[in-house]
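Here is the structure we will look at.
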Amino acid sequence: MPLSPRDFLALVQGWADANVNRIRTVWPLNGGWEAWAQAEIAGFINASAPDAWVMREPRVYPDNSRADFLINNPFQNPAENEIVVEMKCESLRNWDAFVDGLRYDVWKLNGALGMDLAPAYKVALGLFFSPESQAELARLQGFTITYTPDREIGIASMVWQD
């Protein structure tokens with residue numbers, strides 16, 4: 001059974017809630033922590049929802065560029081059940097460009113998709129810490145913001161389908 005966008009976001013929330021201390025140790029590192037978070041989230045999904053299908057760094061755009069995740073197997077499910085995810089992770093050295101990166105991801109997701117994924121769900125996902133990002137995200141249309149229980153990590157998401 002394919003994951004819904006709500007299922008996917010609940011799993012991301014569960015991963016963040018369970019890993020606040022680990023995330024705290026990697027978000028200040030030089031070079032960012034997005035690749036680590038991708039692998040961690042994919043592993044968490046595989047462990048928590050064994051029937052789920054998640055692919056990191058799939059080439060889903062007509063120019064052969066990559067998204068961060070493709071959720072649900074496109075060879076076993078109709079395109080309208082697929083979820084293409086672009087993710088940004090705020091770090092100590094990119095906090096000032098984080099929200100612009102999310103805006104770029106929304107723009108990218110609004111473009112053409114390859115692999116016959118045109119009716120797929122699209123998710124822009126951002127993990128953040130700074131009050132500046134929180135304030136800027138609160139002013140953007142379409143993003144939902146949730147937090148880990150201690151409110152240390154924010155999770156911004158926008159979901160839509162063409």
Side-chain angles (χ1 to χ4, degrees), residues 1-27 29 32-91 98 101-102 104-129 137 140 142-162:
M1 176 141 187
L3 291 177
S4 70
R6 182 181 305 208
D7 296 334
F8 169 74
L9 292 171
L11 288 163
V12 170
Q13 182 76 52
W15 170 78
D17 290 352
N19 289 285
V20 171
N21 290 332
R22 292 180 68 221
I23 295 167
R24 188 183 301 125
T25 66
V26 297
W27 77 266
L29 296 175
W33 57 285
E34 185 175 312
W36 175 83
Q38 285 178 2
E40 287 281 314
I41 289 167
F44 188 83
I45 290 170
N46 287 338
S48 302
D51 292 338
W53 189 92
V54 58
M55 182 179 198
R56 286 185 59 221
E57 297 290 328
R59 296 185 185 276
V60 300
Y61 297 103
D63 67 356
N64 216 23
S65 62
R66 300 172 189 258
D68 291 307
F69 293 111
L70 178 61
I71 309 298
N72 301 322
N73 189 334
F75 302 106
Q76 295 179 354
N77 296 289
E80 59 269 10
N81 288 342
E82 303 307 315
I83 306 169
V84 178
V85 181
E86 291 287 354
M87 182 174 77
K88 290 291 177 274
C89 295
E90 181 183 43
S91 69
F98 171 73
L102 273 177
Y104 175 77
D105 283 350
V106 170
W107 176 83
K108 188 175 175 183
L109 285 163
N110 276 324
L113 294 174
M115 298 175 48
D116 294 323
L117 291 172
Y121 284 99
K122 300 169 183 182
V123 176
L125 174 66
L127 304 173
F128 67 94
F129 304 93
L137 285 165
L140 292 180
F143 276 92
T144 299
I145 300 174
T146 61
Y147 296 92
T148 54
D150 60 2
R151 294 185 63 89
E152 185 170 344
I153 300 167
I155 302 168
S157 61
M158 179 188 289
V159 178
W160 70 101
Q161 189 175 32
D162 294 332

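What's counted below: heavy atoms across the whole structure, side chains too, no hydrogens, waters or symmetry copies.
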query = Could you walk me through whether Leu70 and Trp53 pass the side-chain contact (heavy atoms from CB on, under 4.5 Å) check?
reply = CA-CA 8 Å; Leu70 178 61; Trp53 189 92; 4.0 Å; yes
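- Here Thr146 contributes atom OG1 and Arg151 contributes atom CZ; the two are 10.0 Å apart, rounded to the nearest 0.5 Å.
- Residues satisfying the side chain to side chain contact (heavy atoms under 4.5 Å, CB included) test with Trp107, not counting sequence neighbours, are Tyr104.
- Heavy-atom minimum distance, Asp7 versus Pro2: OD2-O, 4.4 Å.
- How far CG of Asn81 is from CD1 of Ile71: 13.0 Å, rounded to the nearest 0.5 Å.
- With rounding to the nearest 0.5 Å, the separation of CD in Gln161 from CD in Glu80 is 7.0 Å.
- Put simply, the side chain of Thr148 gets close to the backbone of Ile153: a donor and an acceptor are under 3.5 Å apart.
- With sequence neighbours excluded, no residue forms a side-chain hydrogen bond (donor to acceptor under 3.5 Å, both in side chains) with Ser48.
- Phe128 and Ile145 make their closest contact through CZ-CG2, 3.8 Å (heavy atoms, listed as atom of the first residue, atom of the second, distance).
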Practice prompt. Would you check, one step at a time, whether the test side-chain contact (heavy atoms from CB on, under 4.5 Å) holds for Ile155 with Gln13?
Written response: CA-CA 8 Å; Ile155 302 168; Gln13 182 76 52; 3.5 Å; yes
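- Across all non-hydrogen atoms, the minimal contact from Gly14 to Phe44 is C-CZ, 3.7 Å.
- A search for side-chain hydrogen bond (donor to acceptor under 3.5 Å, both in side chains) contacts involving Glu82 returns nothing, not counting sequence neighbours.
- Counting heavy atoms from C-beta outward, Asp17 and Pro149 have side chains that approach closer than 4.5 Å.
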inquiry  = Is there a side-chain contact (heavy atoms from CB on, under 4.5 Å) between Phe69 and Val123? Walk through the geometry before answering.
reply    = CA-CA 10 Å; Phe69 293 111; Val123 176; over 6 Å; no
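- Annotation for Asn73: atom CG counts as buried by contact number, over 12 foreign heavy atoms lying within 6.0 Å.
- Contacts classified as salt bridge (Lys or Arg N to Asp or Glu O under 4.0 Å) and involving residues 57-67 (residues at least two apart or in different chains) are not found.
- Formation of a donor-acceptor pair under 3.5 Å by the Glu86 side chain with backbone atoms of Leu102 is not found in this model.
- Rounded to the nearest 0.5 Å, atoms CG (Asp105) and NZ (Lys122) are 12.5 Å apart.
- In this structure the side chain of Pro58 never reaches within 4.5 angstrom of the side chain of Met115, judged on heavy atoms.
- With sequence neighbours excluded, the residues that form a ring pair (Phe, Tyr, Trp, His ring centres under 6.0 Å) with Phe129 are Trp27, Trp33.
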Practice problem: Assess whether side-chain contact (heavy atoms from CB on, under 4.5 Å) is satisfied between Met87 and Ile41, documenting all intermediate values. | Solution: CA-CA 11 Å; Met87 182 174 77; Ile41 289 167; 3.9 Å; yes
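- When all heavy atoms are compared, the tightest approach of Pro62 to Ala112 is CD-O, 3.2 Å.
- A pairwise comparison of heavy atoms in Leu3 and Ile83 identifies O-CD1, 3.5 Å as the closest pair.
- The backbone N or O of Gly43 sits nowhere less than 3.5 Å from a side-chain atom of Asn46 that would complete a donor-acceptor pair.
- Here the CG-CG distance, from Leu9 to Leu125, works out to 6.5 Å after rounding to the nearest 0.5 Å.
- The number of heavy atoms from other shown groups lying within 6.0 Å of CZ (Phe8) is above 12.
- Across Pro74 and Leu117, no two heavy atoms sit closer than the pair CB-CD2, 4.3 Å.
- Here Trp36 pairs with Trp15 under the ring pair (Phe, Tyr, Trp, His ring centres under 6.0 Å) rule; sequence neighbours left out.
- With hydrogens and angles disregarded, no donor-acceptor distance shorter than 3.5 Å links the side chain of Asn77 to the backbone of Asn72.
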